[in-house]
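Inspection log for the structure reproduced underneath, given as structure tokens.
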Amino acid sequence: MALIGYCRVSTNRQDTRLQREALKQAGVEKFFEEKASGTKTDRPQLDKALAYLREGDVLVIWKLDRLARSLKHLVEIVDDLRQRGVGFKVLTGANIDTTTSGRRLVFGIFASLAEFEREMIQERVKAGPESARAAGKHLGRPQLTEQRQAEIRGRLAAGEPWRSISRSMRVSQSTIGKYAKSAAKMDRRSTTRGG
């Protein structure tokens, strides 16, 4: 079992000395440190620390706010550690230690929070379109006006290339193709009826 430490300070004026000393006293020998804002998403040293951990290792941090940029991010990290069989220890504040007898309880709480977050995201994703439909909003690409549709059909009938129509009218070639297909169907119907 290896104790792997992660230290973070927010600005260049701060240093990690206090955190390092606390982690050393806890038995940490391998450290990953960085200077990055708490809200910054790019944290290469945290990524390296998480990649370095192996089953049976323990990630040790000084305080919870040193690790994650949000509660959601914290839950994701701790849930990932649980799934990989890696322990987690916080030295001050929350004083979490999953290497003790309460391991299952602590990881169970974080797993429940992770599941709750996933369910909330799914619910929000599902509720968005339903709410828009109920309000009578059109989902998907905006519909072309009758006038623009007629212009596309006229230009297609005149033999103008799709690319030219697409560029000048600022619509995709797939949209032009849709009107070309509908025009071809109308031509076939009128030919069939006339013959």
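Keep in mind that the numbers below use all heavy atoms, side chains included, and drop hydrogens, waters and symmetry copies.
With contacts defined as side-chain heavy-atom distances shorter than 4.5 Å, the pair Leu81/Leu53 qualifies. Looking only at side-chain heavy atoms (C-beta outward), Ser10 and Gln14 come within less than 4.5 Å of each other. No side-chain heavy atom of Arg20 sits under 4.5 Å from any side-chain heavy atom of Trp62. Contact check for Leu50 versus Leu59: side-chain heavy atoms found under the 4.5 Å cut-off. Phe32 is listed as a side-chain neighbour of Lys30, based on a closest heavy-atom distance under 4.5 Å. In this structure, Ile176 and Val171 have side chains that are in contact, with non-hydrogen atoms separated by less than 4.5 Å.
Checked by atom type, the side-chain pair Gln173/Ser166 shows no donor-acceptor distance below 3.5 Å. For the residue pair Tyr6 / Gln19, no side-chain donor-acceptor distance below 3.5 Å is found, with atom types taken as modelled.
In the hydrophobic clustering of ILVMFWY residues, with side-chain heavy atoms under 4.5 Å counting as a link, Leu18 and Phe31 come out apart. Linking ILVMFWY residues whenever their side-chain heavy atoms come closer than 4.5 Å, directly or via other members, leaves Val90 and Val9 in distinct clusters. Residue Val75 is grouped with residue Leu46 when hydrophobic side chains (ILVMFWY) are merged at heavy-atom distances under 4.5 angstrom, including chains of intermediate members.
In this structure, CG on Asp80 lies 5.0 Å from CZ on Arg84, to the nearest 0.5 angstrom. Between Thr92 atom OG1 and Lys63 atom NZ the span is 5.5 Å, to the nearest 0.5 Å. Note: Arg66 CZ to Leu91 CG = 13.0 Å, rounded to the nearest 0.5 Å. The CD1 atom of Ile152 sits 11.5 Å away from the CH2 atom of Trp162 when rounded to the nearest 0.5 Å. Atom CD1 of Ile165 and atom OG1 of Thr175 lie 11.5 Å apart (nearest 0.5 Å). Between the NZ atom in Lys24 and the CZ atom in Arg17 there is a gap of 11.0 Å [rounded to 0.5 Å].
Note on Arg155 versus Glu151: salt bridge recorded, some NZ/NE/NH1/NH2 to OD/OE distance being below 4.0 Å. Here Arg82 pairs with Asp79 in a salt bridge; the nearest charged N to carboxylate O distance falls below 4.0 Å. Salt-bridge formation is not detected for the pair Arg43/Asp47: no Lys NZ or Arg NE/NH1/NH2 atom is positioned less than 4.0 Å from an Asp or Glu carboxylate oxygen.
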Going through the distances and angles, do Ile4 and Val60 end up as a side chain to side chain contact (heavy atoms under 4.5 Å, CB included)?
CA-CA 6 Å; Ile4 310 302; Val60 185; over 6 Å; no

Before you tell me yes or no, could you show the steps for Arg148 and Met169 under side chain to side chain contact (heavy atoms under 4.5 Å, CB included), namely the whole-Å CA-CA distance, both residues' side-chain angles and the distance that decides it to 0.1 Å?
CA-CA 8 Å; Arg148 285 176 58 90; Met169 294 191 69; 4.2 Å; yes

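With a 6.0 Å radius and a threshold of 12 heavy atoms from other residues, nucleotides or ligands, Arg167 has its CZ atom at or below the threshold.
Of the options Ile61, Val28, Leu23, a side-chain contact (heavy atoms from CB on, under 4.5 Å) to Cys7 is made by Leu23 and by none of the others.
Scanning all heavy atoms of the two residues, the minimum distance from Asp65 to Arg8 falls at O-NH2, 2.6 Å.
Under a 3.5 Å cut-off, the side chain of Arg54 and the backbone N or O of Ala51 do form a donor-acceptor pair. A donor-acceptor distance shorter than 3.5 angstrom exists from the side chain of Asp57 to the backbone of Ala2, with no hydrogens or angles considered.
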